[in-house]
Amino acid sequence: MEGGEGAGKSTQARRLADALAASGVPVLLTREPGGSPGGEALRRLLLSGEVAFAPLTETLLHFAVRADHVALTVRPALEAGMWVICDRYYDSTMAYQGYAGGADRDTIAQLSAMLHCDPDLTLVLDVPVQVTLDRLASRGSAADRYERLGAPFFHTIRSAFQAIAAANPRCATLDATGNEDEIAAALLAAVRARLG
């Protein structure tokens with residue numbers, strides 16, 4: 001699942017995992033950056049904003065986290081026959097570090113291909129930027145480094161995800177302006193339509 005409203009195991013990702021598990025699908029819910037012990041340590045560094053990295057450095061750090069995550073969490077779950085729901089994956093790096101951060105997009109695509117672990121389906125949750133800002137403000141928790149970048153940044157991110165989704169048949173873009181129940185139903189319907 002990809003989108004422009006902060007990073008973490010979202011309520012919607014949790015609801016989708018729970019719905020699939022209730023229907024008998026063995027499922028693992030994970031997130032990026034993070035998803036492994038080393039990945040969670042680097043997540044804190046990447047989201048804190050304490051260090052300003054050059055675009056390539058930041059991109060490589062995200063892929064270091066991702067490589068660890070795929071090796072230690074995602075691939076073992078897939079080999080065990082589980083479905084994996086990952087709250088963010090390499091399309092987020094393309095959007096955040098590529099489109100918004102100025103990192104070379106061809107390099108990001110090459111690094112993504114090196115993982116040999118492509119999603120069967122990517123759900124892109126799309127909302128107007130003002131909805132994103134309102135939802136972030138209503139959380140009541142401290143904003144991470146990306147969330148503090150404001151409306152112009154989120155316009156770039158939204159456009160990036162729209163472009164990524166338009167170019168990739170594995171993506172399904174969903175209107176996420178509704179309430180939590182409506183969004184959860186749309187996510188489950190999209191998974192059933194695409195994956196059975």
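Everything numeric in this text was worked out from a predicted model, so none of it was measured.
- Counting all heavy atoms, side chain and backbone alike, Val129 lies closest to Ala151 at CG1-O, 4.0 Å.
- Considering every non-hydrogen atom in both Ala67 and Leu115, the closest pair reads CA-CD2, 4.1 Å.
- When all heavy atoms are compared, the tightest approach of Val84 to Val74 is CG2-O, 4.1 Å.
- Counting only distance, with no hydrogens or angles, the side chain of Arg105 and the backbone of Met94 share no donor-acceptor pair below 3.5 Å.
- Looking at heavy atoms from C-beta onward, Leu20 lies out of side-chain contact with Pro26 at the 4.5 angstrom threshold.
- Between the side chain of Gln12 and the backbone N or O of Glu180, at least one donor-acceptor pair lies under 3.5 Å.
- Cys171 and Ala165 make their closest contact through CB-CA, 3.7 Å (heavy atoms, listed as atom of the first residue, atom of the second, distance).
- Look at Arg194 and Asp120 and you find no salt bridge, because none of the NZ, NE, NH1 or NH2 atoms lies under 4.0 Å from a carboxylate O.
- Side-chain contact annotation: Asp106 with Gln110, donor-acceptor N/O pair under 3.5 Å absent.
- A distance of 4.0 Å separates NE2 in His62 from CD in Gln97, rounded to the nearest 0.5 Å.
- Residue Ile85 holds its CD1 atom at 9.0 Å from CG of Leu28, rounded to the nearest 0.5 Å.
- Nearest heavy-atom pair across Gly102 and Pro55 is C-CB, 4.3 Å.
- The 12-atom threshold is not exceeded at CE of Met114, counting heavy atoms of other residues, nucleotides or ligands nearer than 6.0 Å.
- Distance check, rounded to the nearest 0.5 Å: CG of Asp68 to OG1 of Thr73 gives 7.5 Å.
- Here the side chains of Phe161 and Tyr99 are not in contact, with every heavy-atom distance at 4.5 Å or above.
- Looking at Ile164 and Thr122, their side chains never come closer than 4.5 Å, going by heavy atoms from C-beta outward.
- The backbone N or O of His155 sits less than 3.5 Å from a side-chain atom of Ser159, completing a donor-acceptor pair.
- Here the side chains of Glu182 and Asn179 are in contact, with some heavy-atom distance below 4.5 Å.
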Can you list the steps and then say if Arg145 with Ser48 is a side-chain contact (heavy atoms from CB on, under 4.5 Å)?
CA-CA 6 Å; Arg145 159 172 95 85; Ser48 71; over 6 Å; no
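- Taking the salt bridge (Lys or Arg N to Asp or Glu O under 4.0 Å) definition, one finds that Glu40 meets it with Arg31, sequence neighbours left out.
- In this structure the side chain of Leu29 reaches within 4.5 angstrom of the side chain of Arg14, judged on heavy atoms.
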So Gln162 and Thr173, side-chain contact (heavy atoms from CB on, under 4.5 Å) or not? Walk me through it.
CA-CA 8 Å; Gln162 289 171 338; Thr173 300; 5.8 Å; no
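- Ionic pairing of Glu147 and Arg135 is not present here: no N-O contact between side-chain nitrogen and carboxylate oxygen is shorter than 4.0 angstrom.
- Under the 3.5 Å distance criterion, with hydrogens and angles disregarded, a donor-acceptor pair is assigned to the side chains of Thr93 and Arg66.
- Side-chain contact between Asp104 and Leu56: absent, with no pair of heavy atoms (C-beta onward) separated by less than 4.5 Å.
- Atom CG of Leu125 sits about 10.0 Å away from atom CG of Asp175, to the nearest 0.5 Å.
- Glu58 CD to Leu60 CG: the interatomic distance, rounded to the nearest 0.5 Å, is 10.5 Å.
- A distance of 12.0 Å separates CZ in Arg192 from CG in Leu187, rounded to the nearest 0.5 Å.
- When side chains are defined from C-beta on, Asp91 counts as touching Arg170, because their heavy atoms get closer than 4.5 Å.
- Annotation for Leu133 and Gly150: closest pair CD2-C, 4.5 Å, computed over non-hydrogen atoms.
- Trp83 is not listed as a side-chain neighbour of Leu78, based on a closest heavy-atom distance of 4.5 Å or more.
- Between the Thr57 side chain and the Phe53 main chain, no donor and acceptor come within less than 3.5 Å of each other.
- Remark: the backbone N or O of Ala103 is not paired with any side-chain donor or acceptor of Thr107 at under 3.5 angstrom.
- Scored by the ring-ring contact (aromatic ring centres under 6.0 Å, His included) test, Tyr146 finds Tyr96 as partners (sequence neighbours excluded).
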